[in-house]
Amino acid sequence: VFLGISNLVAKVPVTYNLFHTWLGYGIVCLITWFVSFLFHAKDTVTTEILDYLGASTMVMLSLFCMLLRISGRDQFGKIKNHLNYKYGLPIFLLWAYHAYNLGFYKKIDYGYNMKFN
């Protein structure tokens with residue numbers, strides 16, 4: 001993942017419409033893999049929640065990036081911010097609902113997390 005981020009920064013111009021989106025995606029993936037490593041190295045309640053939330057963040061961000069890519073967002077000469085809100089807000093609200101259920105409302109439940117992801 002780190003090499004992918006390095007290649008993105010080195011080879012893709014900052015003016016590319018989705019540059020910051022892909023950079024953020026790479027950073028989220030890097031953090032998710034690190035948190036997953038922590039969870040599998042030391043299984044605690046905190047690392048389990050971080051692992052579950054990291055995985056769901058990566059899945060939701062992948063969905064967001066896919067929708068932006070399919071919609072042709074990267075082809076627009078001018079940035080269309082309404083697409084960010086159109087796709088991003090529902091995805092974020094769904095993720096926030098999951099985070100609330102996982103961390104506050106329900107017990108940590110592997111089955112619920114797998115159904116969500």
Side-chain angles (χ1 to χ4, degrees):
V1 173
F2 181 75
L3 292 175
I5 294 172
S6 299
N7 282 334
L8 175 76
V9 171
K11 297 179 181 179
V12 177
V14 180
T15 55
Y16 174 61
N17 286 335
L18 293 180
F19 177 82
H20 292 96
T21 303
W22 289 119
L23 181 62
Y25 179 73
I27 291 168
V28 166
C29 289
L30 188 65
I31 292 169
T32 298
W33 282 105
F34 178 72
V35 169
S36 182
F37 161 76
L38 285 178
F39 169 62
H40 291 285
K42 181 152 180 78
D43 186 359
T44 66
V45 172
T46 304
T47 58
E48 187 172 8
I49 289 174
L50 288 174
D51 182 43
Y52 290 178
L53 290 178
S56 64
T57 303
M58 194 165 79
V59 168
M60 293 300 198
L61 192 54
S62 296
L63 175 64
F64 176 71
C65 290
M66 178 199 68
L67 290 172
L68 288 181
R69 180 81 177 159
I70 288 174
S71 69
R73 162 88 161 60
D74 61 325
Q75 302 301 319
F76 294 131
K78 199 172 166 186
I79 294 176
K80 303 280 188 180
N81 284 330
H82 72 279
L83 289 177
N84 291 351
Y85 298 114
K86 179 181 175 182
Y87 298 135
L89 186 60
I91 291 171
F92 173 76
L93 291 174
L94 185 61
W95 177 86
Y97 175 75
H98 173 62
Y100 174 76
N101 279 336
L102 192 63
F104 300 107
Y105 182 65
K106 295 181 180 181
K107 288 178 148 181
I108 299 171
D109 184 6
Y110 179 79
Y112 165 73
N113 188 58
M114 289 298 104
K115 287 176 189 175
F116 181 83
N117 281 328

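One is the number of the first residue; the rest follow in order along the sequence.
Linking Ile, Leu, Val, Met, Phe, Trp and Tyr residues whenever their side-chain heavy atoms come within less than 4.5 Å places Ile70 and Phe64 in a single cluster. Connection of Val9 to Val28 is established within a shared hydrophobic cluster, with ILVMFWY side chains joined at heavy-atom distances below 4.5 Å, either directly or through further cluster members. The hydrophobic clustering, which links ILVMFWY residues whose side-chain heavy atoms are closer than 4.5 Å, places Ile49 and Phe37 apart. Connection of Val59 to Leu68 is not established within any shared hydrophobic cluster, with ILVMFWY side chains joined at heavy-atom distances below 4.5 Å, either directly or through further cluster members. The hydrophobic clustering, which links ILVMFWY residues whose side-chain heavy atoms are closer than 4.5 Å, places Val12 and Ile5 together.
The closest side-chain heavy-atom distance from Leu67 to Ile91 is below 4.5 Å. Between Leu38 and Leu50, every side-chain heavy-atom pair lies at or beyond the 4.5 Å cut-off. Counting only heavy atoms from C-beta outward, the side chains of Ser56 and Trp95 approach each other to under 4.5 Å.
Scanning all heavy atoms of the two residues, the minimum distance from Met60 to Leu94 falls at CE-CD2, 3.3 Å. Of all the heavy atoms in Met58 and Tyr25, the pair that sits closest is O-CE1, 4.3 Å. Contact detail for Cys65 and Thr21: the closest heavy-atom pair is SG-CG2, 3.7 Å.
Distance check, rounded to the nearest 0.5 Å: SG of Cys29 to CZ of Phe34 gives 15.5 Å. Rounding to the nearest 0.5 angstrom, the gap separating the OG1 atom in Thr57 from the CZ atom in Phe92 is 9.5 Å. Between the OH atom in Tyr52 and the CZ atom in Phe116 there is a gap of 14.0 Å [rounded to 0.5 Å]. Between the NZ atom in Lys42 and the CD atom in Glu48 there is a gap of 13.5 Å [rounded to 0.5 Å].
Take Thr44 and apply the side chain to side chain donor-acceptor pair (under 3.5 Å) test, not counting sequence neighbours, and it matches Thr47. By the side chain to side chain donor-acceptor pair (under 3.5 Å) test, Trp22 is found to be paired with no residue, residues two or more places apart in sequence or in another chain being considered.
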